[in-house]
Protein chains: 2
Amino acid sequence: MAKALRTKDKIIIAAEKLFSEHGFEQTSLRQITSEAEVNLASVNYHFGSKKALIQAVMARYQSVFMPALAEQLHQLQKHPEQITTKDVLACTMQPMIALRHVRLDGPVIYLRLLGYAYSEIQGHLRKFTMSNYGEIVHEFFQLIQQANPSVCPKTLFWRLHFSLGAMLFAQTSSQALREIAAADFGEETQAEETLLKLLPFVAAGISAAEPDVES
Amino acid sequence: MAKALRTKDKIIIAAEKLFSEHGFEQTSLRQITSEAEVNLASVNYHFGSKKALIQAVMARYQSVFMPALAEQLHQLQKHPEQITTKDVLACTMQPMIALRHVRLDGPVIYLRLLGYAYSEIQGHLRKFTMSNYGEIVHEFFQLIQQANPSVCPKTLFWRLHFSLGAMLFAQTSSQALREIAAADFGEETQAEETLLKLLPFVAAGISAAEPDVES
DNA sequence: ACCTTAGTTAAACGATCGTTTTAAATAAGG
DNA sequence: CCTTATTTAAAACGATCGTTTAACTAAGGT
């Protein structure tokens, strides 16, 4: 049984790495089991199917990230009078760092997984996330609204998804972009630096004044 | 020969549609030839390979969009004294509309193709674009710098890619997002409305003040 | 000792993919 | 009308995929 758990874990660890590097559909079970040095059939034995393995991988990170995010949001709500967009966005930082307990490079892995999950299995991940953590997501959105009372909710909805897209895109193609940036600007950009650069960008975008609508 | 062109065109038209709906790798040649009502082998006969077909599809739009963008940028440079970020970004609007000459729903198709191209074949498309239209891209970047003299070029580089990510993500998952938005806010959001909402968001993000760096 | 159960292994299955091959049909030119 | 080149059609190829099967191993309980 101790050996069994180790096999299951070896699969998870290898799957996370390969999924985050090449995406879900581009990664075959044979690559995973080869990297994990286990038998091909053991994936279907321990997880049932590839889809179930993907969900298990995602769930492992969500189950750490989401409650931590909820905790941060609750703390922020204790002083609800002067909440800024940046405050709400900053609530995602500590939960990201907490992912290091799942895996040393947990934060990077999780972001890349998210990127692939959204671009490949569109509705799938969203349904899964909303049915399990819909309340937390809703809370997050409410705080963003609270921080931007002059922007209409529908616009904020879109801007949040623009922000999500900016982050996921930057993360998914971060390696290629960092190489280009290094070639163009001499100095190298660290992965964490990218996230730091993202925050002011999306904060300004979310809180931007809405242009007048001419009828 | 007239019939031949029609077959090649039928393949292109079907491929554009299916590629933009499901991505490049998720679309099989059998789907394309079935949709186009031509024989499976004709793709390899007329285009050589699936990869060549993908490039032909992308090139058809790039060859219209990029020169049109160059024209807009040149016009803007005639009055270089008071260029804003929004001015530079607005230069992409007319070239987008010009894609209607390629196909009625050209703009939507092109954006979705771009989204998949970036997320699936990362380096591939970038190399192709830069080697053919690198000058125009560089010009665009220079104007963005000109409009934001107080923001360092490296930061602008990243913010431009954040913007690209926001746009591509919104476009790739626009159908799903518009359905959710309709469910949450009652009214439906049009595809063009999404692009209009994007402009103020990215303009504000690009021109945002850089936070102080503490040493 | 025996049986049950969990786990592992190697091999094969059926399906789908891009591509190639072969031959038939078509159009053009002398 | 025959010849030639181009285009279409059908079939098969080889590779890869996720999944399943069946035999084998090794504990644990009775």
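Convention: sequence-line order gives letters A, B, ...; per-chain numbering from 1. These numbers come from a predicted model, not from an experiment.
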Report task. Check side chain to side chain donor-acceptor pair (under 3.5 Å) between A:Asp87 and all other residues, then give those that pass, not counting sequence neighbours. Result ->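 Checked A:Asp87 against side chain to side chain donor-acceptor pair (under 3.5 Å); matches are A:Thr84.
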Query raised in the report: Considering residues at least two apart in sequence or located in another chain, which fulfil the side chain to side chain donor-acceptor pair (under 3.5 Å) criterion with A:Thr129?
Result: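 With neighbours one apart ignored, the set is A:Gln62.
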Query raised in the report: Does any non-hydrogen side-chain atom of A:Leu168 lie less than 4.5 Å from one of A:Tyr116?
Result: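 No, side chains not in contact.
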Query raised in the report: Under a 4.5 Å cut-off applied to non-hydrogen side-chain atoms, are A:Ile109 and A:Tyr61 in contact?
Result: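 A:Ile109 vs A:Tyr61: side chains touch.
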Query raised in the report: Tell me, for nucleotides 15-22 of chain D in 5' to 3' order, what letter each nucleotide earns: B for a base near a protein heavy atom under 4.0 Å, S for only sugar-phosphate near one, - for neither?
Result: --BBBB--
Query raised in the report: Think A:Thr7 has a side-chain N or O under 4.0 angstrom from the OP1 or OP2 of C:dT8?
Result: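 So the side-chain polar atoms of A:Thr7 do come within 4.0 Å of the phosphate oxygens OP1 or OP2 of C:dT8, strictly under.
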Query raised in the report: Are B:His46 and D:dT8 close enough that a side-chain N or O sits under 4.0 Å from OP1 or OP2?
Result: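 For D:dT8, OP1 or OP2 has a side-chain N or O of B:His46 closer than 4.0 Å.
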Requested in this report: Can you tell me the distance, in whole Å, between the CG atom of B:Asn39 and the C1' atom of D:dA9?
Outcome: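 Taking atom C1' of D:dA9 as the reference, CG of B:Asn39 is at 5 Å.
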Query raised in the report: Are the ring centres of B:Phe162 and A:Phe169 closer than 6.0 Å?
Result: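 No, they do not, as the ring centres are separated by 6.0 Å or more.
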